Structures are given as structure tokens and as C-alpha cells.
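Everything below concerns the one structure shown next.
A quick note: this is a predicted structure, and the numbers were derived from the prediction, not measured. Each chain gets a letter, A, B and so on, in the order the sequences are listed, and its residues count up from 1.
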2 protein chains.
Amino acid sequence: MGALRDAGFRSGGARRRVVELLGSEGCALSALEIDRRLDEVGRASVYRVLEQLEELGLVRRLDIEGIAGYERAEPGGEHHHHMVCARCGKVIPFEDERLERAIGAISRGSSFDVSEHEVVLRGTCSRCAS
Amino acid sequence: MGALRDAGFRSGGARRRVVELLGSEGCALSALEIDRRLDEVGRASVYRVLEQLEELGLVRRLDIEGIAGYERAEPGGEHHHHMVCARCGKVIPFEDERLERAIGAISRGSSFDVSEHEVVLRGTCSRCAS
DNA sequence: ATCTGTGCAAATAGTTTGCATCCTC
DNA sequence: GAGGATGCAAACTATTTGCACAGAT
């Protein structure tokens with residue numbers, strides 16, 4: 001990712017590996033899971049890199065059930081939200097245009113300047129329900 | 001709260017105090033803040049009571065920015081969501097019927113059985129923006 | 001008298017920070 | 001060669017658990 005170099009970052013191994021992993025993953029990973037998958041990378045580096053990437057707007061940080069999840073940000077500002085199964089913990093991404101419009105309307109109608117939003121639906125996934 | 005006695009709970013001091021505090025508070029408090037405000041109550045009791053109350057559906061648990069918040073559940077299933085100022089940390093509750101309808105539609109149109117949902121808007125509050 | 005509720009302290013999980021070293025530029 | 005990047009370990013914060021004791025029924 002040239003965006004990193006453009007932002008004045010040097011290219012070390014830890015950051016490259018974290019970026020590659022998140023790039024290959026469609027949905028959110030926790031910091032500890034990233035650390036677990038990248039043996040050569042120290043845990044502190046994982047957190048530091050994630051923080052930098054979030055500030056640059058290259059990754060989105062989510063708070064699903066108390067632990068932070070990180071996923072790559074799509075270029076066009078496109079994004080999805082998450083359904084979390086209370087039984088098995090599975091996280092399922094979804095998109096919904098109507099939901100986005102409703103949030104846009106809230107943003108426009110309020111004196112609070114909304115820059116990001118996050119929606120989590122909790123319940124039971126189809127597999128656990130059957 | 002008679003609902004607690006009905007559920008087979010004895011009436012000890014810790015639970016009563018937590019219930020009273022949450023009852024008097026309109027919006028979410030963190031477990032540590034509840035502990036801080038209730039000197040006579042042990043921290044473990046605060047967490048235990050909150051867990052029980054959540055299971056009984058008497059309080060709602062939220063994950064705003066990595067730490068859990070707890071607020072009393074309204075009888076009619078009415079609820080609000082939250083805007084969080086990234087600058088000063090202020091949490092502002094809001095309600096929006098259109099947003100609720102959009103989520104209801106998602107729930108109906110999906111094989112995932114949605115029982116709860118949570119929406120967090122992040123940005124800048126009017127005071128910090130000016 | 002029994003058995004739940006409570007408090008304390010220790011254990012755990014997630015995250016951040018300090019510091020010496022490594023390596024890119 | 002200088003300064004950012006990294007890894008390790010220790011510090012911190014939020015939460016959970018174990019256990020002995022108090023207190024409600």
C-alpha cells in the first residue's frame with residue numbers, strides 16, 4: 001500500500017504483514033487473532049500498526065461485544081455491519097441501503113456531526129436456530 | 001423491583017443499590033462507574049448483579065467504545081441509541097423511528113433471528129465543533 | 001438451619017507503554 | 001548515521017472467579 005509510504009511511514013516487516021493479512025480478510029479480526037496468526041510479529045506492533053492504520057482511515061475499528069475488531073476500509077466509503085449470534089458467536093456481515101439512509105437522515109437532522117457509525121444486531125443465526 | 005423476587009432472588013443490599021442507581025439514571029453507566037458511586041458495594045457484586053439483571057431483561061448492556069455500559073430497559077421495549085463525541089467522550093442518547101423500522105425490515109428479511117440491536121454514531125458534538 | 005448473596009483478593013483478558021535494539025532511508 | 005520501526009516485558013484497565021462469611025428466608 002503506497003498510502004503508507006505517502007504518509008511518511010517506513011516499510012518494516014510488521015506493518016506489511018498486518019496490512020497483507022487484513023487485506024486478504026473480508027471481515028473483522030481482533031488484535032489478538034491477528035497476533036496469533038502472525039508469529040513473527042510482536043503483539044505491541046500489532047496494536048500500534050492497527051492504531052496507525054485506523055488514523056489513516058485504511059482500517060475500520062469496531063467494538064463487537066467488548067473486544068475491538070479491525071477490518072479493511074473499502075475505498076468508496078462502502079461498508080457493512082454485523083450480526084452476531086449469541087449462541088455460537090459467529091459474526092455475519094450484511095449491508096442495507098435503507099439503514100444507511102436512515103442514519104444519513106439522522107446525521108443531517110442533528111447538531112451532532114456524525115463521521116462514523118456502527119450497527120450490531122444480536123440474535124440467533126439460522127444454524128443455531130434449527 | 002418485584003420482578004427480582006418473582007425470579008426467585010433474595011433481596012440483599014448490593015442488588016438493591018445497583019437497581020436503585022440504574023433506575024435513577026436515564027442513560028448508560030459503566031460497571032466501574034457504578035462501583036465508584038456505591039462505596040458499600042463490592043466490585044464483583046456490581047458485575048454479578050448487572051449480569052443477572054441483563055439476563056432478566058431488566059437492563060440493557062451496550063458496548064460503547066470498548067467498555068460495557070448498562071442502562072435500565074424500558075418496559076415497552078422502547079429504547080434509544082447513542083452518539084459518542086470522539087473529542088470529549090460525551091455520550092448523547094437519541095431515538096429514531098425510521099432507523100428502528102429499517103432494522104425491523106432487515107430482521108424480517110433475513111434468516112438471522114434478531115433479538116437486539118445497538119447503534120453507535122461517532123463524531124463531534126456541537127460544543128466541540130464550535 | 002439452609003442456601004443465596006456479598007466482599008475481598010487473586011486470576012484472567014485485552015490493551016498500552018517503556019525501553020533497548022534493529023533496520024530502512 | 002539518524003530516526004523511525006519492532007519485539008519483549010512490564011504496566012494498566014476491565015472483567016471474572018474462588019472462597020469464606022454474612023444475612024435473608
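- No salt bridge links B:Glu100 with B:Arg98; every basic N to acidic carboxylate O contact stays at or beyond 4.0 Å.
- Applying the ring pair (Phe, Tyr, Trp, His ring centres under 6.0 Å) criterion to B:His79, with sequence neighbours excluded, gives B:His81, B:His117.
- At whole-Å resolution of the value, CD1 in A:Ile34 and P in C:dA13 are 19 Å apart.
- Salt bridge status for B:Glu116 with B:Arg60: absent, with no side-chain N to carboxylate O gap under 4.0 Å.
- Atom CG of A:Asp39 and atom P of D:dT6 are 17 Å apart (whole Å).
- Rounded to whole Å, the distance from CG on A:Leu50 to C1' on C:dG14 is 13 Å.
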What pairs of nitrogen or oxygen atoms, one from the protein and one from nucleotides 23-25 of chain C, lie under 3.5 Å apart?
unit_1	atom_1	unit_2	atom_2	d
C:dT24	O2	A:Arg10	NH1	2.8

Completion exercise
Dot-bracket assigned to DNA chain D with the 3.5 Å Watson-Crick/G-U criterion, [ ] for crossing and | for other-strand pairs, is |||||||||||||||||||||||||

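- Atom CG of B:Asp63 is separated from atom C1' of C:dT15 by 16 Å (rounded to the nearest Å).
- In this structure, B:Glu40 reaches the sugar-phosphate backbone alone: every heavy-atom distance under 4.0 Å involves primed, P, OP1 or OP2 atoms, never a base.
- The distance between atom CG of B:Leu38 and atom P of C:dC8, rounded to the nearest whole Å, is 13 Å.
- Qualifying side chain to side chain donor-acceptor pair (under 3.5 Å) partners for B:Glu65, counting only residues two or more places apart in sequence or in other chains: none.
- Of the residues in residues 83-91 of chain B, none lies under 4.0 Å from DNA chain D by heavy-atom distance.
- Atom P of nucleotide C:dT17 and atom CD of A:Gln52 are separated by 13 Å, given to the nearest angstrom.
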Pairs: protein N or O with nucleotides 13-17 of chain D N or O, under 3.5 Å:
unit_1	atom_1	unit_2	atom_2	d
D:dT15	OP1	B:Ala68	N	3.1
D:dT15	OP2	B:Tyr47	OH	2.8
D:dT15	O5'	B:Tyr47	OH	3.4

